[in-house]
Amino acid sequence: MELEELPGVGIATAEKLREAGFKTVEAIAVAHPAELKEAAGIGESAALKIINAARESLQMGFMTGIEVLEKRKTMRKITTGSKSLDELLGGGIETQAITEFFGEFGSGKTQVCHQLAVNVQLPEDEGGLGKSAFYLDTENTFRPERIIQMAEGTGRDPHEILENIIVARAYNSDHQMLLIEKAEDIIREKNIGLIVVDSLTSHFRSDYTGRGMLSDRQQKLNRHMHTLQKLSDIYNLAVVVTNQVMMRPDFFFGDPTAPIGGHVVGHSSTFRIYLRKSKAGKRVARLIDSPNLPEGEAIFTVTKDGIRD
Ligand code: ADP
Ligand code: MG
C-alpha cells in the first residue's frame, strides 16, 4: 500500500513524509503524531487521523493472544558463539527486541557486538539470520581486523563478512539519533538483521553533563530507544546496545550492578545482561531482567576466534 492511499495524504504530504523518513504505511502506523506534524507540516489532529488510518489498514492496535503468538513465531534468534550464553538468553539474541550489554570497561561488550555482526550472517541452521549487520560505532572501537579473526573462526570468507557489515561513526548524540532515524533505507537495501549501537550511552553522557540536563538526556535517550524498538518490530531485526557502567564503591550493600549516576537506559531494553571479568580471562554474564526468562548466569571466554564457552 502506498502512502497516497491513506485518507488525508496528498501527493505533496506523501513526498514530505518520505523525505522525513516515513516511507511506508508501517512506519506511519507506529509514529507519534508530533513526529508527523513536524515532518509534513500538518496539524496534530490531521496527523492523528493519518496514523489511525495506517493502523487500521494494517489491522494494528488490538491483537488476540493468538495473534501475538503468531507474531512471536516470526521472532528469530542469533547465536552468540557461546552455548552457555545462548542458553541464558533462551537460545540467543532475539529479533523484535533490544538487548543491552552493560558492564565495566574491558568486560567484553564490544567483543560480543563484533561476534554478533559476524554471526547474524550465518545461515539459519547455524544460528544466524542469513542477513547483514548495521554497526553504529560511537567510541571508534570497531576493528575490521577483529572481524576477520572471528570470520575465520567460523570458517567464513572474511572479505564477504566485512562486506556485509555497514559501519557508521556517530560524532555526538544528535548525530547518533539521526543515523538511526534515517536507517530505514539501509535496512531495506542491505537486508539488515542486526543493529549494533556501541556504545548507546557514551555520547549522551558527555553531551548532557550536569544535573540540570538529566531530564533532557533522559528524554532524548527514550526517543532514541523508541526508534530502535520500532525498527526491530517493523523489520523483525535484533537490536544490541552497550552501556558502560562503573561499579559502585558501596556494592557490598544493595545492588552491585547499579551504576554510579543511575541507569541511563532505565528499563527500555527488553533484555539486560550484566558482564564482568572473572579469573583466567573468563567472563560472567548475568541476565538481569527478562519478560520470559529466569535470572541466571553464564560463563564464556573471549578467544582469538571470538566468543566461545
Ligand atoms: P568493553 O566492554 O570495554 O567493550 P571489550 O569488548 O573491548 O570491552 O573487551 C576487551 C577485551 O577483549 C580485552 O581486554 C581482551 O581481554 C579481549 N580481547 C580483545 N581482542 C582479543 C583477541 N584478539 N583475542 C583474545 N581476546 C581478545
Ligand atoms: Mg567497548
Side-chain angles (χ1 to χ4, degrees), residues 78-82 84-86 88-89 93 98-120 133-156 158 161-162 165 167-173 176 179 194-206 221 224 228 238-248 251 256-261 263-265 269 271-288 297-309:
I78 307 168
T79 180
T80 61
S82 152
S84 102
L85 184 52
D86 282 353
L88 181 73
L89 296 167
I93 303 287
I98 300 177
T99 302
E100 173 194 343
F101 287 93
F102 70 108
E104 289 182 89
F105 174 76
S107 57
K109 303 179 294 294
T110 295
Q111 298 299 313
V112 170
C113 292
H114 278 63
Q115 186 71 63
L116 289 166
V118 173
N119 289 4
V120 66
F134 180 79
Y135 202 109
L136 186 58
D137 183 15
T138 75
E139 300 181 316
N140 197 17
T141 52
F142 176 80
R143 291 290 175 275
E145 300 87 337
R146 197 61 188 115
I147 295 291
I148 291 172
Q149 291 180 334
M150 290 176 172
E152 283 166 351
T154 54
R156 307 283 139 171
I161 295 285
L162 275 173
I165 302 176
V167 184
R169 277 294 308 279
Y171 294 98
N172 57 51
S173 57
Q176 179 177 336
L179 284 168
L194 167 74
I195 297 177
V196 169
V197 184
D198 182 25
S199 121
L200 176 75
T201 45
S202 58
H203 282 321
F204 286 90
R205 280 218 173 88
S206 53
L221 251 175
H224 191 41
L228 287 164
V239 173
V240 170
V241 303
T242 67
N243 181 17
Q244 186 166 312
V245 299
M246 272 185 286
M247 189 69 92
R248 281 163 64 107
F251 77 94
T257 67
I260 291 171
H263 288 282
V264 187
V265 189
S269 312
F271 299 98
R272 309 190 70 224
I273 298 128
Y274 175 62
L275 295 184
R276 68 173 196 272
K277 272 187 177 170
S278 176
K279 289 179 207 119
K282 295 217 177 301
R283 300 291 195 285
V284 182
R286 192 204 296 182
L287 187 64
I288 300 294
E297 287 195 342
I299 294 174
F300 67 91
T301 53
V302 182
T303 72
K304 176 172 167 287
D305 287 342
I307 305 297
R308 296 290 183 273
D309 275 319

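Here the structure is a predicted model, which means the values were calculated and not measured. Start at 1 and go down the list; that is how both ligands and their atoms are numbered.
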Trainee: As a check for students: among Gly106, Ser199, Gly306, identify the option with a heavy atom nearest to atom 1 (P) of ligand 1.
Mentor: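 The nearest heavy atom belongs to Gly106.
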Trainee: I want to confirm something. Looking only at heavy atoms, which of Met150, Glu104, Gln115, Lys304 is nearest to atom 24 (N) of ligand 1?
Mentor: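 That would be Lys304.
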Trainee: Are Leu88 and Phe271 packed together at the side-chain level, in the sense that at least one heavy-atom pair is separated by less than 4.5 angstrom?
Mentor: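 Not in contact.
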Trainee: Strictly by modelled atom types, are Thr79 and Asn119 linked by a side-chain donor-acceptor pair under 3.5 Å?
Mentor: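 There is no such pair (donor and acceptor under 3.5 Å, judged by atom type) between the side chains of Thr79 and Asn119.
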Trainee: One residue to check: Thr303. Relative to ligand 1, which of side chain, backbone, both or neither has a non-hydrogen atom less than 4.0 Å away?
Mentor: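 The backbone, only.
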Trainee: Please state whether Ser107 comes within less than 4.0 angstrom of ligand 1, counting heavy atoms only.
Mentor: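 Yes.
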Trainee: With a 4.0 Å cut-off on heavy atoms, is Arg276 in contact with ligand 1?
Mentor: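 Heavy atoms of Arg276 never come under 4.0 Å of ligand 1.
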Trainee: Output, in order, the C-alpha distance, side-chain angles, deciding distance and verdict of side-chain contact (heavy atoms from CB on, under 4.5 Å) for Val112 and Leu116.
Mentor: CA-CA 6 Å; Val112 170; Leu116 289 166; 3.8 Å; yes
Trainee: I'd like to know whether the aromatic ring centres of Phe142 and His114 sit less than 6.0 Å apart in this structure.
Mentor: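 So the answer is yes for these two rings.
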Trainee: Nearest 0.5 Å please: distance from the OH atom of Tyr274 over to the CD1 atom of Ile288.
Mentor: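 These two atoms lie 8.5 Å from each other.
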Trainee: Pick from Phe101, Phe102, Phe105: which one makes a side chain to side chain contact (heavy atoms under 4.5 Å, CB included) with Gln244?
Mentor: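 Between Gln244 and the candidates, side chain to side chain contact (heavy atoms under 4.5 Å, CB included) is satisfied uniquely by Phe105.
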Trainee: What part of Arg283, side chain from CB on, backbone N/CA/C/O, both or neither, has a heavy atom under 4.0 Å from ligand 1?
Mentor: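 Side chain only.
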Trainee: What I want to find out is whether Lys304 reaches Glu152 closely enough, with some N-O distance under 4.0 Å, to be called a salt bridge.
Mentor: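 Glu152 and Lys304: not salt-bridged.
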Trainee: As an exercise, state the distance from CZ of Arg283 to CD1 of Ile299, rounded to the nearest 0.5 Å.
Mentor: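 Reported to 0.5 Å precision, the distance equals 12.5 Å.
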Trainee: If you define the side chain from C-beta out and look only at heavy atoms, does anything of Asn243 sit under 4.5 Å from Arg205?
Mentor: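 Asn243 vs Arg205: side chains touch.
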Trainee: Sum up the protein N, O or S atoms located under 2.8 Å from the Mg ion (ligand 2).
Mentor: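 For the Mg ion (ligand 2), protein nitrogen, oxygen or sulfur atoms under 2.8 Å: 1.
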Trainee: In ligand 1, which numbered atoms sit nearer than 4.0 Å to a non-hydrogen atom of Gly108?
Mentor: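 Contacts of ligand 1 toward Gly108, numbered from 1: 1 (P), 2 (O), 5 (P), 6 (O), 8 (O), 9 (O).
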Trainee: With heavy atoms of Val302 as the reference, note each atom of ligand 1 found under 4.0 Å away.
Mentor: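 The atoms of ligand 1 under 4.0 Å from a heavy atom of Val302 are 17 (C), 18 (N), 25 (C), 26 (N), 27 (C).
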